[in-house]
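Have a look at the structure below before the remarks.
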Amino acid sequence: MDIVVKNFTKVYGTQKAVDNISFQLKPGEIVGFLGPNGAGKTTTMKAITCFTAPTSGDILVGGYSVKENPEKVKSLLGYLPESNPLYTEMNVIEYLKYVAELQNIPREKLRSRVAHMIEVCGLEEEKHKNIGELSKGYRQRVGLAQAMIHDPQVLILDEPTTGLDPNQIIEIRELIKKLGKEKTVILSSHILAEVQATCDRILIINKGVIVADGTYEELSRRATSDEILTVGIGGCSFDDAYQKLKSLPTVAMTDVVSATDFIFEVRSKEGESSIKPIFDLCVENHWYLTRLTPVETKLEDIFRNLTAN
Amino acid sequence: MKPIWIIAKRELKSFFDSLIAYIMLIAFVGFTGFFTWIYGSDIFFIGQASLQVFFEISYWTLFFFIPALTMRLLAEENRVGTIELLLTKPVTDWQVVVGKYLSTLILIVIALALTIPYYITVTNLGNVDHGAVLTGYFGLLLMSAAYISIGLFASSITNNQLVAFLITLFIGIFFHIISNVISQSVSGWSSQLFNYLSIQTHFNSIARGVIDTRNLVYFASLIFLGLIGTEAVLTRRNLSE
């Protein structure tokens with residue numbers, strides 16, 4: 001199911017929380033919404049889920065406008081709000097049944113649907129407990145279960161893995177990935193590794209504006225156009241190797257990583273590659289390569305580049 | 001229509017699960033029973049087969065009990081944030097408001113129904129004006145309906161249950177006592193105005209067996225204003241904050 005955000009602006013009082021952003025999501029896409037605190041991630045999600053109306057612009061979910069058909073839009077999507085609020089006095093089964101009823105699941109399917117969600121989210125042991133007694137991880141699962149109970153085409157997850165232990169985080173990520181094959185998923189996070197691990201596409205938002213949009217590969221290519229290589233050389237003297245590497249025509253800068261193991265970090269000149277020249281250099285001097293690996297730009301770097309002033 | 005019932009059912013269940021409902025029902029029946037049958041100007045003291053005393057006591061008991069029931073309805077959802085969860089389900093703001101409203105109204109109906117044995121007892125004691133009993137109950141129901149509406153509104157504007165409770169009492173006291181007092185201390189049209197605003201005026205009139213359109217319009221307006229106000233508060237999230 002498509003999501004189309006058109007010139008969405010949200011103003012709180014005098015402050016523009018989100019300023020005229022537009023993007024489109026295709027069915028089956030998992031999109032990571034990334035940005036520092038207060039960037040407008042949650043605001044955008046609240047507007048998609050019809051909790052708050054856009055100040056201007058519009059959002060279409062599956063062709064339905066959040067302004068004209070909020071009930072229809074709400075029935076199409078599952079939402080896990082940021083703080084995962086739950087009715088703590090209800091037990092898990094009761095609560096899921098309540099949400100299922102609100103989502104118009106027919107009476108005869110109610111039981112099987114609730115049982116299915118309990119199984120998928122691993123809540124079997126806790127299903128008779130009051131939500132208030134559950135640990136944070138299990139509450140998060142209940143939150144996910146209620147979001148997915150009506151098998152929505154679109155999932156909006158606002159920081160779905162906060163407060164979970166590493167095993168749970170991996171489980172939830174796997175779950176999201178599995179779901180993302182047939183659904184459109186938007187998840188927000190400020191954990192960069194998470195977005196990198198789960199999402200097909202990354203939207204970086206800062207101060208209410210989208211500053212980057214693309215796959216991880218596209219973004220990392222954009223952030224650093226220069227090639228950086230870690231080069232390890234054997235069978236030579238240190239000074240000789242260092243000087244010769246430095247004087248290669250394609251190399252812009254050479255750093256020493258380890259003087260004992262003869263490891264260097266080589267930055268190529270813009271738009272050029274030093275891989276072949278380094279290899280040729282070694283062949284010429286009868287050295288051998290102990291390593292030659294490109295240094296990947298981390299999402300952290302992209303993020304910092306784009307969101308820092 | 002269906003979402004209203006689903007929401008009302010959950011709220012009602014939550015009243016019973018949290019014991020509030022039991023406490024309220026026992027306290028209400030106990031309190032009214034005590035003053036109707038045992039203490040003060042009770043039925044035996046008056047020596048008449050009438051439920052007038054019961055209506056008088058209930059009139060005050062409900063005045064204090066209703067804010068305690070309504071204070072949780074939206075204030076708690078605001079505090080915990082579950083309101084976001086509820087309003088992003090395929091329901092309208094109005095359905096949430098009416099569902100919550102009905103849950104408390106149903107609880108009050110249960111409370112009033114539990115006092116039917118009083119009526120049966122009194123019927124066996126002497127000649128009861130059945131019409132007056134019926135309108136008395138009707139009056140209590142209308143009054144409760146109005147206060148629940150006010151209470152729900154108060155609960156919607158805060159995330160603190162105690163604040164909601166006090167606001168409801170505050171607004172309630174105006175309709176319950178103050179407007180009556182003012183109407184007696186001023187004269188002319190303003191006296192009439194405050195007299196019309198007083199719940200006492202309308203309740204007494206109905207409890208006496210006279211149901212006038214004026215009374216019905218009065219209660220209907222209070223209920224409607226409360227509900228519309230609550231809906232407006234929920235919708236206000238679209239404008240700011």
Side-chain angles (χ1 to χ4, degrees), chain A residues 10-15 17 42-43 45-55 66-67 69-91 94-95 97-105 107 110 130-132 142-143 146-147 149-150 152 156 158, chain B residues 1-23 69 71-100 102-103 156 159 161 231-241:
Chain A
K10 180 75 190 174
V11 181
Y12 290 127
T14 53
Q15 198 196 349
T42 299
T43 307
M45 290 188 152
K46 281 184 175 172
I48 298 174
T49 55
C50 307
F51 183 62
T52 56
T55 309
V66 295
K67 284 177 161 173
N69 279 314
E71 270 68 55
K72 182 70 191 169
V73 171
K74 287 194 258 186
S75 71
L76 293 174
L77 44 83
Y79 177 39
L80 175 67
E82 189 175 11
S83 53
N84 187 23
L86 297 164
Y87 294 108
T88 46
E89 80 277 9
M90 294 178 97
N91 77 36
E94 255 174 26
Y95 175 65
K97 262 189 188 155
Y98 171 60
V99 176
E101 278 184 85
L102 282 179
Q103 292 287 10
N104 273 318
I105 291 175
R107 189 175 281 272
L110 210 69
N130 274 7
I131 293 172
V142 175
Q146 66 81 24
I149 192 116
H150 56 303
I156 314 273
D158 203 349
Chain B
M1 200 54 212
K2 204 174 146 230
I4 294 181
W5 176 237
I6 296 167
I7 292 166
K9 211 169 60 183
R10 192 204 84 84
E11 292 298 328
L12 199 58
K13 192 166 181 308
S14 148
F15 274 135
F16 281 97
D17 284 351
S18 62
L19 300 182
I20 297 174
Y22 295 106
I23 295 169
L69 291 174
M71 65 180 187
R72 204 192 93 263
L73 288 175
L74 281 162
E76 183 68 5
E77 300 239 15
N78 286 336
R79 189 181 66 80
V80 184
T82 42
I83 192 74
E84 186 171 349
L85 217 55
L86 186 54
L87 293 177
T88 50
K89 299 284 174 277
V91 296
T92 61
D93 294 1
W94 179 249
Q95 285 166 338
V96 171
V97 173
V98 178
K100 299 235 166 207
L102 281 183
S103 68
S156 73
N159 52 22
Q161 297 192 22
E231 195 201 13
V233 172
L234 287 187
T235 314
R236 195 190 55 170
R237 69 179 189 276
N238 290 328
L239 304 174
S240 61
E241 260 111 54

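Labels below follow one simple rule: chain letters A, B, ... track the order of the sequence lines, proteins then strands, and each chain is numbered from 1.
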B:F16 meets the side chain to side chain contact (heavy atoms under 4.5 Å, CB included) criterion, sequence neighbours left out, with B:L12, B:A21, B:Y22, B:L25, B:L107, B:I110
Whatever's closer than 4.5 Å to a heavy atom in chain B on A:K46 counts as side chain
So, the part of B:E76 with a heavy atom under 4.5 Å from chain A: the answer is neither
* Is the backbone of B:S156 close enough, under 3.5 Å, to the side chain of B:N78 for a donor and an acceptor to pair up by distance? -> yes
Determine yes or no for a side-chain-to-main-chain donor-acceptor pair under 3.5 angstrom, with A:H150 supplying the side chain and A:L76 the backbone. no
Checked A:A47, A:C50, A:P81, A:A17 vs chain B; the most non-hydrogen pairs under 4.5 Å come from A:P81
If one checks every heavy atom of B:T82 against chain A at 4.5 Å, the contacting part turns out to be both
Report the C-alpha separation of B:K89 and B:Q95 in whole Å, then their side-chain angles, then the decisive distance to 0.1 Å, and conclude whether the side-chain hydrogen bond (donor to acceptor under 3.5 Å, both in side chains) test is met.
CA-CA 11 Å; B:K89 299 284 174 277; B:Q95 285 166 338; over 6 Å; no
Would you call B:R72-B:E11 a salt bridge at under 4.0 Å N-O?
-> yes
Most contact-rich option vs chain B, by heavy-atom pairs under 4.5 angstrom, among A:Y98, A:F51, A:Y79, is A:F51
Okay, A:E94 and chain B: the region with an atom under 4.5 Å from a heavy atom over there is side chain
Counting heavy-atom pairs under 4.5 Å with chain A, the top scorer among B:D93, B:D17, B:T92 is B:T92
salt_bridge(A:E101, B:R10) N-O dist < 4.0 Å | no
